[in-house]
Amino acid sequence: MHSPRRRRSAVPVALLAATFLAGCSGTGGAGGAEPELGPIEVNPSTAALALPMDAYTDTDAERIRMGQVQQALVSRCMARYGFTYEGVKSAEPAAGPEDRHRYLFGSADPAYAAAHGYDPSAGRGRPPKPPAPELSDSAYLVMNGEPRGTQGGKPVDAPTEEEAAQLDSGLTAAGQKVPAGGCGREGFRKLYAPTKDSVDLLFAFGLSSEAHSRSKEDSRVVNVLKKWSACMDKSGYSGIDTPYDVIEKLDLESDKAGPKAVTAAKTDVACKREVNLVGIWAAVEKAYQQRLVEEHAETLALYKKQREARFKLAATFG
């Protein structure tokens with residue numbers, strides 16, 4: 001998904017603020033006490049984890065498909081002004097089943113750690129993304145809603161397509177008005193923000209992030225992290241408090257798949273399994289996600305309905 005410019009949230013600002021800042025307000029966040037946990041699995045595979053927010057989150061294949069549809073909408077808009085625009089060729093989904101939670105708790109797969117260390121791109125085989133096609137000055141104006149080289153100010157734009165229809169960009173091409181923000185913005189709005197009640201595209205992501213932030217402060221996660229850190233310390237890796245610190249603490253940034261990284265990753269995963277870090281943290285994460293799903297049920301229902309409408313729109317492009 002790509003937008004040339006970030007649009008403002010269609011969800012009221014107060015709601016977003018309450019959602020994303022609530023984790024700072026006492027034990028367990030806005031929901032008060034730490035939530036009760038469901039069953040705690042023993043060293044579950046991250047590929048098998050099912051979290052409440054998964055229902056509102058696109059898979060890798062779905063994200064790629066939405067990107068293709070957005071490109072198609074931009075191309076259709078450009079064609080109205082006589083321009084052929086094919087856009088950037090999209091990536092292909094990675095081979096094999098997707099593990100959307102692979103790195104949620106740091107490295108957790110023994111086989112992957114032994115083969116690739118901390119390299120997140122290993123085995124994906126994706127070619128580098130090609131550059132966007134060069135545009136003529138006139139095509140640039142239609143695409144971006146402003147002349148090339150414009151200094152200062154911002155082009156006329158709107159957060160939703162419904163509102164954009166009421167605006168005059170003040171620009172014309174091929175005898176027609178250029179849409180507010182250009183075809184780039186029109187393609188984004190038609191897919192992700194067609195009406196005034198469109199829920200911000202990042203709303204679900206924000207809830208997932210908030211749940212994760214709350215989970216990191218939960219006493220049960222804090223406790224299991226201390227046990228994991230002690231295990232790492234006994235294995236010769238001292239001073240590492242969380243799995244997210246390993247690469248920096250061990251200076252692995254420049255060689256995430258080298259022998260040093262592989263050795264550390266194998267120890268990291270072994271310590272996680274010794275203390276059941278993934279099983280405990282996943283149960284806590286799930287509990288906080290479920291709490292937020294219940295708190296924002298109305299907005300999420302609308303978000304889900306609009307997400308389904310995007311899939312229906314995508315189907316019309318074959």
Does [X] share a hydrophobic cluster with [Y], counting links as ILVMFWY side-chain heavy atoms below 4.5 Å and allowing steps through other members?
| X | Y | value |
| --- | --- | --- |
| Val275 | Tyr244 | yes |
| Val269 | Leu104 | no |
| Ile240 | Val262 | no |
| Leu37 | Val222 | no |
| Val156 | Met143 | no |

To the closest 0.5 Å, what do you measure between [atom1] ([X]) and [atom2] ([Y])?
| X | Y | atom1 | atom2 | value |
| --- | --- | --- | --- | --- |
| Leu277 | Phe105 | CG | CZ | 8.0 Å |
| Asp255 | Ile247 | CG | CD1 | 11.0 Å |
| Ser45 | His101 | OG | NE2 | 10.5 Å |

Any side-chain to backbone donor/acceptor pair from [X] onto [Y]? Under 3.5 Å, distance only.
| X | Y | result |
| --- | --- | --- |
| Arg307 | Thr57 | yes |
| Thr150 | Glu146 | no |
| Gln306 | Asp197 | yes |
| Tyr81 | Lys177 | yes |
| Ser107 | Tyr103 | no |
| Asp54 | Leu51 | yes |
| Glu161 | Arg189 | no |
| Arg148 | Leu135 | yes |
| Glu285 | Ala282 | no |
| Glu162 | Pro194 | no |

Quiz item: Hey, mind stepping through Phe188 and Leu73 against side-chain contact (heavy atoms from CB on, under 4.5 Å) and telling me if it holds?
Solution: CA-CA 8 Å; Phe188 177 84; Leu73 289 167; over 6 Å; no
Practice problem: Would you sort out whether Glu34 and Ser219 count as a side chain to side chain donor-acceptor pair (under 3.5 Å), showing the intermediate values? | Solution: CA-CA 8 Å; Glu34 293 179 347; Ser219 63; 2.8 Å; yes
Quiz prompt | Trp281 and His212: CA distance, side-chain angles, deciding distance, side-chain contact (heavy atoms from CB on, under 4.5 Å) verdict | solution = CA-CA 10 Å; Trp281 201 338; His212 191 57; 3.7 Å; yes
Quiz item: Can a salt bridge be assigned to the pair Lys312 and Glu308 using a cut-off of 4.0 Å between side-chain N and carboxylate O?
Solution: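 Salt bridge between Lys312 and Glu308, a charged N being under 4.0 Å from a carboxylate O: no.
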Quiz item: Does the pair Arg185/Asp157 count as a salt bridge with the N-to-O cut at 4.0 Å?
Solution: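 Here Arg185 pairs with Asp157 in a salt bridge, since their nearest N and O are under 4.0 Å apart.
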Quiz item: Hey, mind stepping through Lys256 and Glu253 against salt bridge (charged side-chain N to carboxylate O under 4.0 Å, His left out) and telling me if it holds?
Solution: CA-CA 6 Å; Lys256 296 178 182 178; Glu253 190 63 46; 3.3 Å; yes
Quiz prompt | Heavy-atom side-chain contact between Tyr288 and Glu210 under 4.5 Å | solution =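 The answer is no, as the side chains (C-beta and beyond) never meet within the 4.5 Å cut-off.
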Quiz item: Are Leu313 and Arg310 side-chain neighbours, meaning at least one heavy-atom pair lies under 4.5 Å?
Solution: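 Not in contact.
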Practice problem: Test side chain to side chain donor-acceptor pair (under 3.5 Å) on Thr242 and Asp245 and set out the steps. | Solution: CA-CA 6 Å; Thr242 80; Asp245 303 328; 3.1 Å; yes
Practice problem: Give the C-alpha distance, both sets of side-chain angles, the deciding distance and a yes or no for side-chain contact (heavy atoms from CB on, under 4.5 Å) between Thr172 and Val178. | Solution: CA-CA 5 Å; Thr172 59; Val178 174; 5.6 Å; no
Self-check item: Contacts of type ring-ring contact (aromatic ring centres under 6.0 Å, His included), residue Tyr118, not counting sequence neighbours
Solution: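 Scan of Tyr118 (ring-ring contact (aromatic ring centres under 6.0 Å, His included), adjacent residues dropped) gives none.
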Quiz item: Would Lys190 and Glu186 count as a salt bridge (charged side-chain N to carboxylate O under 4.0 Å, His left out) if you check the C-alpha gap in whole Å, the side-chain angles of each, and the deciding distance to 0.1 Å?
Solution: CA-CA 6 Å; Lys190 284 191 171 182; Glu186 180 181 290; 3.5 Å; yes
Practice problem: Go through the steps to decide whether Phe311 and Met66 satisfy the test side-chain contact (heavy atoms from CB on, under 4.5 Å), and finish with yes or no. | Solution: CA-CA 8 Å; Phe311 292 145; Met66 289 300 105; 3.6 Å; yes
